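Have a look at the structure below before the remarks.
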Amino acid sequence: MASELSVQKGVRALLSNVSLTVNQGDVWQLAGGNGVGKTSLLRAFARLARIEVFGRLERCEDVLYSGHSAALKGALTPRQNLMTHPSGLNAPSDLAIDTALEAVGVLGHADVQTARLSAGQKRRVALARLFLPSPRLWLLDEPFTALDVQGVNVLEARFLEHARSGGAVVFTSHQSAALGDELKVLNLEHYCGD
């Protein structure tokens, strides 16, 4: 995926010489303190960087990126939000949407205006996209934010399920994930720029 990648924001070098290979079945956590460059590197992987990126970067085109923002329209219901998948994939069926909303525990709010949901419920709706037919590579920025313990457990189980079915996950998080031996961690503190 990345070979000797460097990320620079203006005149500040955030990261230098980062190399990371993501294979089918991998679950990678990009770790490090605030401001170390986790989000910048993830956006570089997604080809959404608004910063300078140097080095070699290759990835499949089959990618789902989810950033800090839930990418939901408040005027729409959770069901309507999931019908307009941000990846451009074909609209999922009503059954697939109901199954996804049930998996994240918000099926009972499927037809409520999204703006009326709590922050945790909105995050769950956004993460319901991971339970719909989706790309092989997931790039997720702080996916555990605003989730309760049950929500975190559901998401961790989904990561493992996706990896075991041939997908791959790269995510940023300040908290440790309970993914056992299947989790690989890249501590970006070791790659801080000059």
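Note that these values count all heavy atoms, side chains included, but never hydrogens, waters or copies made by symmetry. Please read these numbers as outputs of a predicted model, since none were measured by experiment.
Both cation-pi conditions hold for R158 and F131: the charged atom is under 6.0 angstrom from the six-membered ring centre and inside a 45 degree cone around its axis.
Put simply, the side chain of R79 never gets that close to the backbone of D111: no donor and acceptor are under 3.5 Å apart. Using modelled atom types, one side-chain atom of R59 and one backbone atom of F45 make a donor-acceptor pair closer than 3.5 Å.
T172 is linked by a side chain to side chain donor-acceptor pair (under 3.5 Å) to D141, counting only residues two or more places apart in sequence or in another chain. Qualifying side chain to side chain donor-acceptor pair (under 3.5 Å) partners for N187, counting only residues two or more places apart in sequence or in other chains: none.
Side-chain contact between L14 and L188 is absent, with no heavy-atom pair separated by less than 4.5 Å. Contact of the V106 side chain with the L117 side chain is not registered, since no non-hydrogen atoms from C-beta on lie closer than 4.5 Å. Contact check for W138 versus P143: no side-chain heavy atoms found under the 4.5 Å cut-off. With a 4.5 Å cut-off on side-chain heavy atoms, H174 and N34 count as touching.
Between R123 and D148 there is no salt bridge, since none of the side-chain N atoms of the basic residue sits less than 4.0 Å from a carboxylate O of the acidic one.
For the side-chain hydrogen bond (donor to acceptor under 3.5 Å, both in side chains) criterion with H109, the lone passing option out of Q121, K122, R124 is Q121.
Taking a 6.0 Å sphere around CZ of R116, one finds it holds 12 or fewer heavy atoms contributed by other residues, nucleotides or ligands.
Taking OG from S66 and CG from L42, the interatomic distance works out to 9.5 Å, rounded to the nearest 0.5 Å.
The same ILVMFWY cluster, assembled from side-chain heavy atoms under 4.5 Å apart, contains both L107 and M83.
F171 and F144 have perpendicular rings, their planes meeting at more than 60° on a 0 to 90° scale where under 30° would count as parallel.
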